[in-house]
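Reminder, nothing fancy here: chain letters follow the sequence lines and each chain counts from 1. Small disclaimer: the values here were computed from a predicted structure and weren't measured.
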Number of protein chains: 2
Amino acid sequence: MTTNERTGDATSEVESGEEEEVLGGGELAAHLIKSGITRNEMIAAITNRLHAEAMASLPPNVRRRIRALRTLQKEFADIESKFYLEVHALECKYERMYKPLLEKRAQIVSGAYEPNDAECVNPWRDESEEEELARAVQNAAIAEGEEKKEEKEPAEPPMDPNVKGIPDFWYTIFKNVSMLCEMMQEHDEPIIKCLQDIKVQMFEDPIGFTLEFHFLPNDYFTNTVLTKEYSMKCKPDEENPLEFEGPEIYSCKGCEINWKKGKNVTVKTIKKKQKHKSRGSVRTVTKSVQADSFFNFFAPPQMPDDPNSTLASDTQALLTADFEVGHYIRERVVSRAVLLYTGEGLDEDDDDDYEEEEEEECSTEESEDEEPAPRKRGKKQNKALQENPAECKQQ
Amino acid sequence: MTTNERTGDATSEVESGEEEEVLGGGELAAHLIKSGITRNEMIAAITNRLHAEAMASLPPNVRRRIRALRTLQKEFADIESKFYLEVHALECKYERMYKPLLEKRAQIVSGAYEPNDAECVNPWRDESEEEELARAVQNAAIAEGEEKKEEKEPAEPPMDPNVKGIPDFWYTIFKNVSMLCEMMQEHDEPIIKCLQDIKVQMFEDPIGFTLEFHFLPNDYFTNTVLTKEYSMKCKPDEENPLEFEGPEIYSCKGCEINWKKGKNVTVKTIKKKQKHKSRGSVRTVTKSVQADSFFNFFAPPQMPDDPNSTLASDTQALLTADFEVGHYIRERVVSRAVLLYTGEGLDEDDDDDYEEEEEEECSTEESEDEEPAPRKRGKKQNKALQENPAECKQQ
């Protein structure tokens, strides 16, 4: 019996006016279909109900013992929340230890500091191989330039050999990391080229962190730093204590961007023709609407003041995606920037568009309500396991 | 131009005897196809090469500064490894705090301890709802029994209302958790029904943990405890220090199972007919071969003594899967057992076979060499973000 048939049967049963106190799988499905939920939500609801029914069929004393285990599980969660607080305190402590390294990195990137020879030795790398490749690439570029002068579109001009620091460092990272690249629009690119550093500030009470995006003076806005702040709570929810799995992000705040006149890339003006109802004359009005832009990251949807209120599902999805980006920037981008710049530290799906296309071909009607695909594991096949002492989720 | 055409072109180029010092995307592809690697590996190799070429085209002083950033990144990894050691020490400390709770859980499950009324109150749950469902399920079962006596296969006998503890507690968890359920074969089930507890012992030096599976006396083996031990290292690799991402499991040890005679479910005997070469007479011989079984978990592939030796790719895959299971048991199963028993704490893919089937339909020729699919996020849409202070991977 296929799912469709089953659903069909059940629907007609309900439509015929029968009401059952206990809804089995089929009846429940019909009930849920009417309320317009997605298939995934439906399956979750049905399996939840099946589990509840399995529990309900147990003798009373066994159910009583299960309740005792739940009480223990709640105590476990209370202790666990202290563990996560201690992990966060450790993270704050280590952030202070990383700071001088990240400061120096910023100075090298900007050109404020020129590293000495000893600082440029990577004893674990074969430097001569790197040099050989460099020579070969330059020769090939010259040869290609001679042969195919007319065929090709003009190549990018080679970088000024006396350039300061590492030009386009963060811009290149945005280009290399698929999550960031997808957010960056063409009109954002000249602005991201002015991005000089991303810093993380950790907070202990309440626990949380702020991402600081430091910009060179530019033609687009007057801010020198754009900030995004995430606050977390690390206590089991009173109503659902057993769902606790670590710190949850419960608020995120952006910052106001002081756009220079006509330079706000997060809005676009569209022209609309309006026809006068009675006179029939036509006029053109311009209207501002939100435009796709990385800089929308600094204007996240407002979180409700009441943490128990339910969010609209599209707001929910936006916030979830937002947290994912913020967390990824903190956890991977800031701490491993040079590896994302060179490509050494890119995950498979940062690099590889092929698979995504295939997935799209296979997409079914559910695609709209699916979560963003979970991140693939790193390049190495054996980078397999994750402990999550501090899983962040939205409340 | 499709990938195929491109590859084709490149192959003929190489076959015609030309040798190029610098291999571009196409040439490299042809080169790699010949060596029989998979498409994913090929894409990774090509993108690595493209990144290397992009670096190689930079002016020497910029490349020098990138090396300085790599040196800083190495220092970062050295500090980070201390962070992970501290997290592990914290985990050991908290394991000691969880112990009394998990002990009590084991006693309630086995029936050694009967919880008092106060211990059975779950103030965050509506108990009356649970009771009502229980009554409804029982009524429905009686009604159904009367109506459909002949139609249905005999239902499982209801549980003895005076039963001790929580029967089949761990067996039910094995049934509910897809990762464990897939490993458990039909012949394993009566043995898993004797599983009384899973405990974790943490170690600080070298860092690691042991999973202990405690069994009731049974007809299958004489052991009362089966163990699986994982040791981790938490230092950046000397040859690839920048790949460091936290503790790596570098060894896993099983234990010998003392099977009672004829009860070893991990082997099966197959009969083979052999024909005598000259005489032509036929005899039947029996041969022992490995059988699928959860208990193969206690006989993982041998790790090589030399940590730098390369493993055969099938051994690699087996070990990766093994680590994933061991880690999941430690991280989720042991710490949240009651929620997996009731179904409250199951992840989406523990519950839902539908999506997996769809994925299978879409599988391409690559499916064999792909890693096991990354675990889906939990049920709640907003359980989105993960910090991984201690990501474990195989060395």
Side-chain angles (χ1 to χ4, degrees), chain A residues 21-22 43 47 51 53 55-57 59 62 64-65 67-73 75-76 79 83 86 90 94 97 101 105 108 115 119-120 122 124 133-134 136-137 140 159 161 166 239 241 320 323-324 327 338 342-343 351-352 362 374 382-394, chain B residues 21-22 43 47 51 53 55-57 59 62 64-65 67-73 75-76 79 83 86 90 94 97 101 105 108 115 119-120 122 124 133-134 136-137 140 159 161 166 239 241 320 323-324 327 338 342-343 351-352 362 374 382-394:
Chain A
E21 212 187 340
V22 183
I43 291 167
T47 42
H51 284 297
E53 286 183 15
M55 289 308 109
S57 67
V62 176
R64 193 173 166 278
R65 289 171 202 138
R67 283 202 292 275
L69 296 195
R70 281 207 201 97
T71 305
L72 290 173
Q73 193 69 43
E75 287 177 45
F76 190 101
I79 301 176
F83 166 77
E86 288 207 50
L90 263 189
Y94 275 82
M97 293 164 75
L101 298 176
R105 177 176 79 187
I108 293 171
E119 289 170 326
C120 297
N122 297 161
W124 65 90
L133 181 63
V137 166
M159 196 181 280
I166 304 179
E239 288 184 30
T320 303
F323 296 153
E324 187 151 4
H327 186 263
V338 65
T342 61
D351 251 348
D352 168 13
C362 296
N382 42 22
K383 219 168 73 186
L385 305 172
Q386 303 185 318
E387 300 185 42
N388 310 319
E391 179 163 334
C392 298
K393 48 188 177 173
Q394 185 210 328
Chain B
E21 216 189 336
V22 183
I43 290 167
T47 41
H51 284 298
E53 285 182 17
M55 290 307 112
S57 68
V62 176
R64 193 173 165 279
R65 288 169 203 139
R67 283 202 292 274
L69 296 194
R70 282 207 200 97
T71 305
L72 289 174
Q73 193 69 42
E75 288 177 47
F76 190 101
I79 300 176
F83 166 76
E86 289 207 51
L90 263 188
Y94 275 83
M97 293 164 75
L101 298 176
R105 178 176 78 187
I108 293 171
E119 290 169 326
C120 298
N122 297 160
W124 65 91
L133 181 62
V137 166
M159 197 180 281
I166 303 178
E239 287 182 29
T320 303
F323 296 153
E324 187 151 3
H327 185 262
V338 66
T342 61
D351 253 346
D352 167 13
C362 296
N382 42 23
K383 218 167 75 187
L385 306 172
Q386 302 184 317
E387 301 186 42
N388 309 320
E391 179 163 334
C392 299
K393 49 188 176 173
Q394 184 209 331

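In terms of modelled atom types and a separation under 3.5 Å, the side chain of Arg105(B) and the main chain of Gln73(A) share no donor-acceptor contact.
When each of Arg70(A), Met55(A), Glu86(A) is checked for heavy-atom pairs under 4.5 Å with chain B, Arg70(A) comes out on top. Interface remark: of the candidates Ala68(B), Cys120(B), Pro59(B), Cys120(B) forms the most heavy-atom pairs closer than 4.5 Å to chain A.
With contacts defined as side-chain heavy-atom distances shorter than 4.5 Å, the pair Ile79(A)/Leu101(B) qualifies. Residues Leu90(B) and Leu90(A) meet the side-chain proximity criterion, which asks for heavy atoms closer than 4.5 Å.
At a 4.5 Å heavy-atom cutoff, the contact between Tyr94(A) and chain B is made by side-chain atoms alone. Both the backbone and the side chain of Met159(A) come within contact range of chain B, judged by heavy atoms closer than 4.5 Å. Met97(B) touches chain A through backbone and side chain together, each having a heavy atom under 4.5 Å away.
In this structure, CD1 in Ile108(A) is found 9.5 Å from CZ in Arg64(B), a value given to the nearest 0.5 Å. Note that the CG atom of Asn122(A) and the CG atom of Leu69(B) stand 9.5 Å from one another [nearest 0.5 Å]. To the nearest 0.5 Å, the span separating CD on Glu119(A) from CZ on Arg65(B) amounts to 12.5 Å.
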